[in-house]
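Heads up: the structure comes next, in structure tokens.
All values below come from the heavy atoms of this structure, side chains included, with hydrogens, waters and symmetry mates left out. The chain is numbered in sequence order, starting from 1.
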Amino acid sequence: MARYGLRIATLLGFAFLYVPIIVIVLYAFNAQRVQSWPIQEFSTKWFEAALGNVAVRGALVLSLEVALGATLLALLLGSLAALAVHRFRFFGRDAVSFALVLPIALPGIVTGMALNSTINTSGLGFTTLTIVVGHATFCIVVVYNNVVARLRRSSRSIEEASMDLGADSWQTFRHVTFPVIRTALVAGGLLAFALSFDEIIVTTFTAGTQETLPIWILSNLARPNQRPIVNVVAVVLILLSAVPVYLASRLSSSTGVGGTSS
């Protein structure tokens, strides 16, 4: 009896999470401009309309540029921070580790307000770079967590053996450390890309007049004539966010201690 109850609870949980998403996907194929249920006719014409929409294409390109930029910045800073915190003992090490993971726990609106005030105070102006920096503040966390977790599961003795055999620091990193953390970097980068691509709160405070894909959706959601295209863009956003998360999950689950295939 308990087993069946657990199955029912699991199914209800999945329904709670994914039925709204399925509804949006179905509406993206609705031939009618007005959303009504049940759907009378299905069509792909709104996908063609979305593809031909200049604003949508521009928002997609900007979202991809920002996500790639934030991911690269997060990979650089997050991996360096993980190596420093894990490999070295110094005063305030635990505080530094806490400070590195804190941004992802802070409310997005607080982070956005802080970044907006800093940008305005500095007089830099709002550009693609300000969005990238804003997204990197929380993308660094996922890279840091992935890399530091992998380093904690790896043995320091293999690096010491490399140094004992005459390898310098760079050679040890390239031939020993990097292979160990490689899949963790890829998984962290994929998660960072997904987080950045669909982020809207911090983006709102750092984008100025620019529109990423989530901002375009929010701006056009209340316009009845644009609603079918909004549904299509939402489906694209779901796919482009879900694929990196899925790949990151597969990478994380398929690697064992030390980053080797299990």
Side-chain angles (χ1 to χ4, degrees), residues 17-75 108 112 126-136 138-139 142 186-187 189-251:
L17 291 172
Y18 291 105
V19 166
I21 295 176
I22 293 171
V23 171
I24 288 295
V25 172
L26 291 175
Y27 273 134
F29 292 93
N30 183 14
Q32 305 301 317
R33 188 178 294 273
V34 178
Q35 292 187 171
S36 60
W37 193 265
I39 298 173
Q40 302 298 321
E41 183 183 357
F42 292 91
S43 173
T44 59
K45 66 179 181 179
W46 301 119
F47 285 84
E48 297 174 5
L51 187 62
N53 190 302
V54 176
V56 171
R57 293 204 306 268
L60 175 60
V61 170
L62 180 60
S63 290
L64 290 172
E65 290 175 348
V66 169
L68 288 172
T71 299
L72 290 174
L73 189 57
L75 283 171
F126 297 95
T127 63
T128 302
L129 180 60
T130 58
I131 310 176
V132 169
V133 171
H135 287 197
F138 55 83
C139 288
V142 294
V186 175
L190 288 169
L191 289 173
F193 181 91
L195 282 175
S196 174
F197 189 78
D198 61 14
E199 214 294 318
I200 187 169
I201 299 177
V202 172
T203 311
T204 302
F205 286 90
T206 58
T209 59
Q210 300 178 98
E211 281 190 330
T212 59
L213 216 53
I215 290 181
W216 186 91
I217 290 175
L218 184 63
S219 301
N220 290 271
L221 189 60
R223 300 174 183 176
N225 289 336
Q226 291 281 54
R227 189 59 185 266
I229 298 179
V230 169
N231 292 331
V232 171
V233 174
V235 171
V236 173
L237 194 65
I238 291 168
L239 290 174
L240 291 179
S241 299
V243 170
V245 173
Y246 171 76
L247 293 175
S249 176
R250 289 297 300 271
L251 276 172

What's the spacing between Leu218 CG and Ile215 CD1 if we round to 0.5 Å? 8.0 Å
Quick one: ring pair (Phe, Tyr, Trp, His ring centres under 6.0 Å) partners of Phe29, sequence neighbours excluded? Phe47
Take Leu213 and Phe197, measure what side-chain contact (heavy atoms from CB on, under 4.5 Å) needs, and give me the verdict at the end. CA-CA 8 Å; Leu213 216 53; Phe197 189 78; 4.1 Å; yes
Working to the nearest 0.5 Å, report the span between OG1 of Thr212 and CD1 of Ile131. 6.5 Å
When you measure from the side chain of Thr206 to the backbone of Gly134, do you find a donor-acceptor pair of N or O atoms at a distance under 3.5 Å? no
Between CG on residue Leu129 and CG on residue Leu73, distance to nearest 0.5 Å: 9.0 Å
Which distance, rounded to the nearest 0.5 Å, do you find between the OG of Ser63 and the CG of Leu240? 9.5 Å
Could you tell me if the side chain of Glu65 sits less than 4.5 Å from the side chain of Val61, heavy atoms only? yes
Where do Cys139 and Ala192 come nearest, in terms of heavy atoms and distance? SG-O, 3.3 Å
When rounded to the nearest 0.5 Å, the distance separating CG of Asp198 from CD1 of Ile217 is 9.5 Å
Atom OH of residue position Tyr246 - does it have more than 12 heavy atoms of other residues, nucleotides or ligands inside 6.0 Å? no
Could you tell me which non-hydrogen atom of Val245 sits nearest to which non-hydrogen atom of Ala194, and how far apart they are? CG2-CB, 3.7 Å
Looking at Pro214 and Ile200, what are the two nearest heavy atoms and their distance? O-CD1, 3.6 Å
Between OG on residue Ser196 and CG on residue Leu64, distance to nearest 0.5 Å: 9.5 Å
For residues Thr71 and Gly189, report the shortest heavy-atom separation together with the two atoms involved. CG2-O, 3.4 Å
What verdict does the side-chain contact (heavy atoms from CB on, under 4.5 Å) test give for Ile229 and Trp216, after you've listed the backbone C-alpha separation in whole Å, the side-chain angles of each residue and the deciding distance to 0.1 Å? CA-CA 11 Å; Ile229 298 179; Trp216 186 91; 3.7 Å; yes
Where is the tightest heavy-atom contact between Phe42 and Leu26, given as atom of each residue plus distance? CE2-O, 4.2 Å
Note: Trp46 and Asn30 closest approach over all heavy atoms is NE1-O, 2.6 Å
For Thr203, what residues pass the side chain to side chain donor-acceptor pair (under 3.5 Å) criterion, not counting sequence neighbours? His135, Glu199
